[in-house]
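Notes for the one structure printed next.
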There are 2 protein chains.
Amino acid sequence: MTTTTRDKMIAGAADLMSRRGVNATSMRDVVRHTATPRGSISHHFPDGKRQLIAEAVTFAGKQVSIPLEKAMNDRGVIGGLKAFIASWRRQLEATGFEAGCPVLAVAVDRYVGEASDRDDEAAQQHLLDLADGVFADWRQIMRAALLREGLTAERSERLATLVVASIEGTVAMCRASRSADPLDHVQQELEMVLTAALSQATR
Amino acid sequence: MTTTTRDKMIAGAADLMSRRGVNATSMRDVVRHTATPRGSISHHFPDGKRQLIAEAVTFAGKQVSIPLEKAMNDRGVIGGLKAFIASWRRQLEATGFEAGCPVLAVAVDRYVGEASDRDDEAAQQHLLDLADGVFADWRQIMRAALLREGLTAERSERLATLVVASIEGTVAMCRASRSADPLDHVQQELEMVLTAALSQATR
DNA sequence: CAATGACTATGACGATTGTCATATTTCAGC
DNA sequence: GCTGAAATATGACAATCGTCATAGTCATTG
């Protein structure tokens with residue numbers, strides 16, 4: 001596969017970003033971590049680090065949204081929620097609570113590029129828009145599943161926002177406390193909220 | 001006041017961290033932003049940037065927890081929640097959705113210090129512990145208020161975790177989307193969850 | 001075989017970083 | 001007013017950053 005090097009760089013960047021944040025992940029770290037050639041970075045990503053970050057964000061977004069959508073279709077809203085949370089728990093525990101969410105990292109961390117881009121607000125907003133798009137994507141999957149179960153559009157939107165936001169926050173809290181306890185607590189409460197909303201809708 | 005310079009540096013660091021993240025905030029930025037003398041930084045913070053970050057985290061933690069605890073005591077759980085969310089909304093809108101939560105920034109962003117500390121895991125954990133302590137502090141205030149209203153210890157702990165985690169995640173999402181809509185949605189749902197839990201407890 | 005293109009290797013560049021050493025200033029307390 | 005400590009100013013240091021230029025390798029074509 002000719003795109004192996006490029007893909008490894010993107011996946012490695014997403015992984016490092018989820019562990020350290022955007023600015024703490026240097027391109028030299030990426031090539032070290034993925035055992036890829038350093039000279040290829042400007043070849044595969046002519047727009048530099050900003051492009052690599054952007055591709056890492058959309059990559060991480062799809063990596064979550066694709067199985068999430070499948071789980072929602074196969075197992076319903078509650079099953080999809082369980083699968084969503086389980087995947088985050090797996091990532092946290094597999095990395096010793098080192099890796100969080102790379103999309104959240106972009107949403108929190110402001111990328112400080114080369115001197116010419118220091119005040120380039122447009123380029124900055126582009127990364128934020130990408131992160132926002134990923135969140136909106138996840139939210140939309142949740143929202144559609146809730147709609148299918150008979151909830152109103154407004155309620156579905158609100159609950160989807162609550163689910164995505166609370167899980168993102170919880171993952172960060174788990175990383176800080178090196179414990180999955182917050183995830184357990186949030187999972188229980190979210191399941192109660194959704195089951196209550198669903199039973200209320202079909203009543 | 002002799003501590004004015006020091007305090008301005010801490011507050012400025014917290015502000016910049018909430019806007020850009022930890023690593024995108026340089027000490028030169030802090031002194032530029034706060035109009036404080038650069039030479040004083042090693043005087044007031046002999047342990048360097050790591051100490052400044054640590055003090056900024058605990059400062060930001062108290063800045064939230066003190067009014068939060070007061071609101072919880074004065075206006076009850078729901079009123080306290082409203083005040084909690086309102087303060088975040090104020091900060092987001094006052095800065096044009098630039099400033100998020102500096103504590104979350106520390107929880108997501110890994111500080112990359114000088115070469116001698118690159119592999120110093122202990123010093124790294126210290127900052128994470130501090131962020132975790134702030135989250136635990138906020139959670140504890142919420143938890144105590146719920147306990148006072150008659151909820152069980154387990155339920156109070158779970159709901160407190162949900163509230164803090166979801167709001168942290170929501171603030172980051174608002175920053176990404178440059179909109180307070182997620183905060184509106186989460187606020188409505190959290191209020192419904194808490195009122196339902198309270199009425200269930202006193203029944 | 002030649003050659004054309006994609007890909008890799010390596011070193012250098014200016015800029016910025018955190019830190020430190022060394023003045024210089026400020027200002028209580030005597 | 002003098003003195004000594006606290007605070008501030010300034011410049012330099014090594015290290016690292018993202019980027020780029022140049023040269024080398026390699027495979028797939030004609």
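The chains referred to below are lettered A, B, ... by the order of the sequence lines, with proteins before strands, and numbering in each begins at 1.
- Residue A/Gln51 contributes atom CD, which lies 12 Å from atom P of D/dC20 at whole-angstrom precision.
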Pairwise N/O distances under 3.5 Å, protein to nucleotides 26-29 of chain C:
none

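- Between B/Ser40 and D/dA9, a side-chain N or O to OP1/OP2 separation shorter than 4.0 Å is absent.
- Rounded to an integer number of Å, the gap from CZ of A/Phe45 to P of C/dA6 is 16 Å.
- Partners of A/Asp47 under the side chain to side chain donor-acceptor pair (under 3.5 Å) rule, at least two apart in sequence or in another chain, do not exist in this structure.
- Sorted by first and then second residue, the salt bridge (charged side-chain N to carboxylate O under 4.0 Å, His left out) pairs with a member in residues 89-103 of chain A read A/Arg19-A/Glu98, A/Arg89-A/Asp184; sequence neighbours excluded.
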Which pairs of donor and acceptor atoms, one on a side chain in residues 162-169 of chain B, lie under 3.5 Å apart (sequence neighbours left out)?
unit_1: B/Ser166; atom_1: OG; unit_2: B/Leu162; atom_2: O; d: 2.7
unit_1: B/Ser166; atom_1: OG; unit_2: B/Val163; atom_2: O; d: 3.1

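- Atom CZ of A/Arg38 is separated from atom P of D/dC17 by 11 Å (rounded to the nearest Å).
- Taking only side-chain atoms of B/Tyr111, from C-beta outward, the nucleotide of C/dG18, C/dT8, C/dC20 with the closest atom is C/dG18.
- Close to C/dC7, at under 4.0 Å from its OP1 or OP2, lies no side-chain N or O of A/Thr5.
- Map B/Lys49 and B/Gly39 each onto its nearest nucleotide of DNA chain C; the residue landing nearer the 5' end is B/Lys49.
- Under the 4.5 Å side-chain criterion, counting only non-hydrogen atoms from C-beta, A/Glu55 is not in contact with A/His44.
- Ranked by how close their nearest DNA chain C nucleotide is to the 5' end, B/Ile41 and A/His43 are led by A/His43.
- When the salt bridge (charged side-chain N to carboxylate O under 4.0 Å, His left out) test is applied to A/Glu149, no partner is found at least two apart in sequence or on another chain.
- As rounded to whole Å, 9 Å separates atom P of D/dT19 from atom CG of A/Asp47.
- Taking atom NZ of residue A/Lys8 and atom P of nucleotide C/dC7, one finds them 15 Å apart after rounding to whole Å.
- One atom, CG of A/Asn23, and another, P of D/dC17, lie 12 Å apart when rounded to the nearest Å.
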Steps toward salt bridge (charged side-chain N to carboxylate O under 4.0 Å, His left out) verdict (B/Asp15, B/Lys8): CA-CA 10 Å; B/Asp15 181 45; B/Lys8 276 202 291 186; over 6 Å; no

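- A close approach under 4.0 Å does occur between a side-chain nitrogen or oxygen of A/Ser26 and OP1 or OP2 of D/dC17.
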Name every donor-acceptor pair, under 3.5 Å, that has one atom in a side chain of residues 61-71 of chain A and the other anywhere in the protein, sequence neighbours excluded.
unit_1: A/Ser65; atom_1: OG; unit_2: A/Gly61; atom_2: O; d: 3.2

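- In this structure, the CZ atom of A/Arg28 is 14 Å from the C1' atom of C/dT17, given to the nearest Å.
- Nucleotide D/dA5 holds its C1' atom 14 Å from the NE2 atom of B/His44, rounded to whole Å.
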